[in-house]
Amino acid sequence: MSSFQELPRWPQLTDDDIEAAVAALRSNRLVGQGNSTVQEFEAALAAGQRVEHAVAVSTGTAAVHLALHVLDVGPGDEVIVPAHTFIGSASPVVYLGARPVFADVTPDTHCLDPDSVKSLITDRTKAIVVVHINGVAADMAALTAVAAEAGVPVVEDAAQALGTEIGGRPIGGFGDLACVSLFEQKVITSGGEGGAVLTDNPDHAERLRRLRSHGEGPIEGRPGMIWAHEVGYNYRLTSVQAAIGLAQHKRLGEMVEARRRNAARLSERLAGVEGLELPVEPEGTTHAFWKYAVRVAPGGGRRPAGEIAADLRSRGVPVLLRYPFPLHKQPAFAGHEGTSLPVAERLSQELLALPSHPGLTEGHLDHVADEVRRAVAVTA
């Protein structure tokens, strides 16, 4: 019989991460335009994602906000966003006075459905936010084709997808801009919060750097002086955060490999469990497995996924429903409900996110798999 076992938490900062933060503190250069630690982190992130520019900001949500701002999203505009995602993919649309238009997702990857997007494009559509959910790659070939036909820019929300690749190429350069999150639980962190916007467009990059710091920038012909070119925000990343992010980024490859190895272990141990659909990795892509999301198919006398999750939590396995409330059903977006989105609505009550982060050993993973097998086998 299985027993209660407390699992390690994520993140797990190393001595290198902590020493990098201490060195940044001792430098007495903590924030400001032109900060060398921030610039070094931006250069490493841009090189890693094979884009020309990375602009570090305070959070992943701030990254989405600034990406949409540089595309001049504003009142009267519409932005298409998946209903099955974190609120930070959609709330910046409202910040800018625009209307989020929620699209459905595919039943296998849980990413944005190109057919749903195509059906929702109007002459008011100003951008499409594509989320690489859980670390699986969205169908960028189909989605960018839909966007190109309509003349609409694409923002990749890569908050959950550092380490994800399509055709051997890191995500982040398939759209017009891409957004990264460095929140504490993400693939890598900059010490709790942080983010970045990626782009190959130098004009976008220049404006992003102004907007993250109150819209201020140099005055032509007046060296050493700045003024506010436009109203911006206080979305800067500190040198301490950048130092931690840089130390973590050096281990990005090994951390993603650990996630993939752990996912493979779970898939091996959960193979053949009746009514349990395991994550997919689309052909030609690399799944970063920020989350290992399984679907509990209804029927066959099985308990609802929510009951299975509660059972697992009572036995020490920290499992939750994955996005149990689609965005178009939440009070924050009242008035933006739109039409029924059957796949997102169904997945909200059927998906479970299982522990799979790099801090887990094979023993931990076997324990998780054993508990999942037991919980799924218990009938309603």
Side-chain angles (χ1 to χ4, degrees), residues 53-103 112 116-117 120-132 138 143-144 146-147 150-160 172 175-183 193-199 201 203-217 228-237 326-338 341:
H53 306 278
V55 179
V57 295
S58 54
T59 67
T61 305
V64 177
H65 188 188
L66 292 189
L68 294 175
H69 191 130
V70 299
L71 294 176
D72 295 322
V73 171
D77 293 331
E78 295 178 348
V79 176
I80 296 175
V81 186
H84 178 75
T85 187
F86 179 63
I87 191 173
S89 303
S91 51
V93 178
V94 181
Y95 298 169
L96 293 164
R99 176 176 180 262
V101 176
F102 295 107
L112 204 56
S116 181
V117 171
L120 294 169
I121 290 177
T122 71
D123 58 4
R124 295 184 297 278
T125 305
K126 198 64 176 285
I128 300 167
V129 176
V130 178
V131 181
H132 301 290
L143 288 163
T144 54
V146 169
V152 176
V154 170
V155 174
E156 292 179 77
D157 184 337
Q160 305 178 8
D176 296 82
L177 300 116
C179 305
V180 171
S181 173
L182 303 167
F183 178 65
E193 291 284 7
V197 187
L198 313 176
T199 185
N201 185 315
D203 294 331
H204 285 343
E206 181 182 0
R207 193 174 178 206
L208 286 163
R209 293 190 175 97
R210 285 202 309 266
L211 285 169
R212 72 175 170 185
S213 189
H214 299 286
E216 292 186 327
H229 295 260
E230 59 184 313
V231 175
Y233 311 92
N234 184 359
Y235 281 171
R236 294 182 296 260
L237 192 76
L327 293 185
H328 67 297
K329 296 290 188 181
Q330 297 190 37
F333 299 108
H336 302 296
E337 295 87 348
L341 302 172

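- Separation of atoms CG (Asp157) and CG (Leu177) is listed at 12.0 Å; rounding is to 0.5 Å.
- The aromatic rings of Tyr233 and Tyr235 lie parallel to each other, their planes meeting at an angle below 30°, with 60° marking the opposite boundary.
- The two residues Ala67 and Cys179 come nearest to each other via the heavy atoms CB-SG, 3.8 Å.
- With Pro100 as reference, Val94 is the one residue of Val94, Val79, Leu327, Val129 to meet the side-chain contact (heavy atoms from CB on, under 4.5 Å) rule.
- Between the side chain of Asp176 and the backbone N or O of Val154, at least one donor-acceptor pair lies under 3.5 Å.
- The minimum heavy-atom distance linking Ser89 with Val131 is given by the pair OG-CG2, 3.6 Å.
- Put simply, the side chain of His229 never gets that close to the backbone of Gly215: no donor and acceptor are under 3.5 Å apart.
- A donor-acceptor distance shorter than 3.5 angstrom exists from the side chain of Arg212 to the backbone of Ala56, with no hydrogens or angles considered.
- Each of Arg209, His204, Arg210 was evaluated against Arg207; a single residue qualifies, Arg210, per the side-chain contact (heavy atoms from CB on, under 4.5 Å) test.
- The CG atom of Leu71 sits 10.0 Å away from atom CG of Asp77, with the distance rounded to the nearest 0.5 Å.
- Smallest separation of non-hydrogen atoms from His214 and Ala228: O-CB, 4.0 Å.
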Tell me, with the steps shown, if Val70 and Asn201 meet side chain to side chain contact (heavy atoms under 4.5 Å, CB included).
CA-CA 11 Å; Val70 299; Asn201 185 315; over 6 Å; no

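- When all heavy atoms are compared, the tightest approach of Val117 to Ile80 is O-CD1, 3.8 Å.
- The nearest pair of heavy atoms linking Leu182 to Gly195 is CD1-N, 3.8 Å.
- Distance CD/Glu78 to CD1/Ile121: 10.5 Å, rounded to 0.5 Å.
- Across Val197, Leu96, Leu211, a single residue satisfies side-chain contact (heavy atoms from CB on, under 4.5 Å) together with His65, and that is Leu96.
- Of all non-hydrogen atoms in Gly74 and Ala98, the two that sit nearest each other are O-CB, 3.4 Å.
- Ring geometry, Phe333 versus Phe102: the interplanar angle exceeds 60°, so the pair is classed perpendicular (tilted spans 30 to 60°).
- You'll find the side chain of Ser91 reaches within 4.5 Å of the side chain of Thr61, heavy atoms only.
- Tested against Pro92, the residues Val73, Ile87, Val64 include a single side-chain contact (heavy atoms from CB on, under 4.5 Å) partner, Val64.
- Between the Glu156 side chain and the Gly175 main chain, a donor and an acceptor come within less than 3.5 Å of each other.
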Given the rule in the side chain to side chain contact (heavy atoms under 4.5 Å, CB included) test, do Thr122 and Val101 qualify, once you have shown the distances and angles that lead to the verdict?
CA-CA 10 Å; Thr122 71; Val101 176; over 6 Å; no

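- Remark: the backbone N or O of Gln160 is not paired with any side-chain donor or acceptor of Ser181 at under 3.5 angstrom.
- Panel note: side chain Glu193, backbone Thr59; no donor-acceptor pair is recorded below 3.5 Å.
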